[in-house]
S.K.: 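The structure that follows is given in the form of structure tokens.
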Amino acid sequence: MERRTIGAGALAVGAVGLGCMPMSWAYNGSRQRGDESVRAVHQALDLGVTLLDTADMYGPFTNELLLGRVLKERRAEAFVSTKVGLLVGDQHIVANGRPGYVKRACDASLRRLQTDVIDLYQLHRADPEVPVEETWGAMAELVQAGKVRALGLCAVGARGGRRSGARMHDATLRQLRRVQQVFPVTAVQAELSVWSPEALEALLPWCAARGVGFLAAMPLGNGFLTGTLRPGEGFEPDDLRARHPRFTAEMMAANQPIVAGLRRVARRYGDEVTAAQVALAWVLAQGAHVVPVPGTKRGRWAAENAGAVDVRLSAEDLAELGRLPAAQGSWD
């Protein structure tokens, strides 16, 4: 597995990471199997996929517990990334950025993950009731205490909440400028994929100019870019895609040309190359500081995703993918 470095501290990780959220939360709850997911994590580590991305809210808490089963045996092989700042209640999610809470949450995550240090501790969302500098300062104290190695920030994700005329990541950039004055940002996590390329406009260049790593969330478009989802099949009620405006039957049908374009490029690289691998190769091509973090709960897909590092897209292929139609059914 190719290695990439993120942040000024040059933390080394496998070029493709593993998003662990689907193993415990937000996707097809009836298909979640703890033992199968544990095997998937082991298989990913065997292939050199070292960055394991989780959060205390996934489950909540159960995703970190699941990873802890693996880390108990293979901590030295893994780069552990988890998040803080969101609390899951009954049918709602709220932010909590109070310094005391952040420190308690870190200790709880360490216990669940069965480790004495978190490699990358990410602020999931800023608390509107707490100055982000205070939250970030508490996280910085965790670094100084040796409980955390580096800090990251997750992009503000409310597409529909943007001011008229504002770029998608303006709010995140404002937060980054503020927290960077308190303690260095090692990585930023935000959505980036062939059908959601908005981070290329300003957020990715901001990271590149400052040596900040970029963790590409949802690089497979919540599974759509794999080409394995069919319009009209529907989703379980607890699946986040059941309420996603790009996953209505009508919009999934309208967005099939994007998948067709990925498949067209994949065929040029041999019968074994998939649309998903081309989608990940496109993300990898956006910069040496970019690490896609596709989520899965199956070892088969973890292995396929890891294989994307061997797909080196040509300039012509990248240009063709850049001309694919924009996704329909967005929040905009």
Side-chain angles (χ1 to χ4, degrees), residues 6-9 11 21 53-58 60 64 80-89 92-110 118-192 198-199 201-218 289 293:
I6 57 174
L11 301 173
M21 181 178 75
D53 188 68
T54 183
D56 57 2
M57 74 168 289
Y58 298 160
E64 288 184 332
V80 180
S81 168
T82 192
K83 309 176 189 75
V84 67
L86 289 178
L87 295 171
V88 180
H92 70 280
I93 297 173
V94 297
N96 188 339
R98 293 190 295 274
Y101 168 74
V102 168
K103 293 177 181 180
R104 292 193 301 274
C106 178
D107 288 340
S109 287
L110 288 168
I118 294 165
D119 295 305
L120 181 67
Y121 204 37
Q122 301 183 73
L123 179 57
H124 217 155
R125 290 292 183 272
D127 186 339
E129 303 299 323
V130 179
V132 70
E133 292 87 349
E134 292 185 16
T135 305
W136 199 256
M139 295 171 69
E141 290 179 19
L142 295 169
V143 178
Q144 293 157 3
K147 297 180 179 182
V148 170
R149 293 180 64 199
L151 302 183
L153 184 77
C154 293
V156 177
R159 295 170 182 243
R162 303 209 304 278
R163 298 190 307 270
S164 176
R167 293 179 303 184
M168 183 174 190
H169 293 298
D170 280 357
T172 298
L173 290 168
R174 287 194 296 270
Q175 288 182 355
L176 285 166
R177 295 184 190 107
R178 291 171 63 183
V179 300
Q180 191 81 317
Q181 301 300 312
V182 178
F183 192 87
V185 178
T186 289
V188 173
Q189 183 163 169
E191 183 175 2
L192 177 63
E198 294 88 353
E201 180 182 5
L203 189 56
L204 200 62
W206 188 95
C207 293
R210 292 161 180 79
V212 173
F214 187 93
L215 306 186
M218 294 170 278
H289 63 305
V293 189

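All values derive from a computational prediction rather than experimental measurement.
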S.K.: Which heavy atom of Ile6 sits nearest to which heavy atom of Thr186, and what is that distance?
M.R.: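 Shortest heavy-atom contact: O-CG2, 3.9 Å.
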
S.K.: To the closest 0.5 Å, what do you measure between CG (Asp53) and CD (Gln122)?
M.R.: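 Answer rounded to 0.5 Å: 5.5 Å.
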
S.K.: Does a side chain donor of either Thr54 or Glu64 reach within less than 3.5 Å of an acceptor in the other side chain?
M.R.: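 Distance-only check fails for Thr54 and Glu64.
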
S.K.: State, yes or no, whether a side-chain contact exists between Trp206 and Thr172 at a heavy-atom distance under 4.5 Å.
M.R.: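 Trp206 vs Thr172: side chains apart.
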
S.K.: Is any side-chain heavy atom of Val188 closer than 4.5 Å to one of Leu176?
M.R.: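 Touching, per the 4.5 Å side-chain cut-off.
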
S.K.: How long is the span from the CG atom in Asn96 to the NE2 atom in His124, to the nearest 0.5 Å?
M.R.: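 One finds 14.0 Å between CG of Asn96 and NE2 of His124.
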
S.K.: Would a 4.5 Å heavy-atom cut-off, applied to side chains only, mark Phe214 and Leu203 as touching?
M.R.: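 A side-chain contact exists here, since the closest heavy-atom pair is under 4.5 Å.
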
S.K.: Hey, could you give me the OG1/OH distance between Thr82 and Tyr58, rounded to the nearest 0.5 Å?
M.R.: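 If I round to the nearest 0.5 Å, the distance is 8.0 Å.
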
S.K.: Between Val102 and Met139, is any pair of side-chain heavy atoms under 4.5 Å apart?
M.R.: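 The answer is yes, as the side chains (C-beta and beyond) meet within the 4.5 Å cut-off.
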
S.K.: With the side chain counted from C-beta on, respond yes when Arg178 and Trp136 share a heavy-atom pair under 4.5 Å apart, and no when they do not.
M.R.: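 No. Closest side-chain heavy atoms not under 4.5 Å.
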
S.K.: Determine whether Val84 and Ser109 make a side-chain contact, defined as any pair of heavy atoms from C-beta on separated by less than 4.5 Å.
M.R.: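 When only atoms from C-beta onward are counted, Ser109 and Val84 do not touch, as no gap falls below 4.5 Å.
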
S.K.: For the residue pair His289 and Val212, what are the closest heavy atoms and their distance?
M.R.: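 Where His289 meets Val212 most closely, the heavy atoms are CD2-O, 3.3 Å.
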
S.K.: Spell out, as yes or no, whether a donor-acceptor pair under 3.5 Å connects the side chain of Arg125 to the backbone of Ala155.
M.R.: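 Yes, Arg125 side chain to Ala155 backbone: donor-acceptor pair under 3.5 Å.
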
S.K.: For the atom pair NZ (Lys83) and CE (Met21), what is the distance rounded to the nearest 0.5 Å?
M.R.: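 Rounded to the nearest 0.5 Å, the NZ-CE separation comes out at 8.0 Å.
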
S.K.: Any side-chain heavy-atom pair from Leu142 and Leu151 closer than 4.5 angstrom?
M.R.: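 They are not in contact (no side-chain heavy atoms under 4.5 Å apart), so the answer is no.
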
S.K.: Just wondering, are more than 12 heavy atoms of other shown residues or ligands nearer than 6.0 Å to CZ in Arg98?
M.R.: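 Open: at most 12 neighbouring heavy atoms sit under 6.0 Å from CZ of Arg98.
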
S.K.: Rounded to the nearest 0.5 Å, what's the gap from CG on Leu215 to CG on Leu192? Could you check?
M.R.: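 Nearest 0.5 Å value for the CG-CG distance: 11.0 Å.
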
S.K.: Measure the CD-NZ distance between Glu141 and Lys147 for me, rounded to the nearest 0.5 Å.
M.R.: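 Glu141 atom CD to Lys147 atom NZ measures 10.5 Å (nearest 0.5 Å).
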
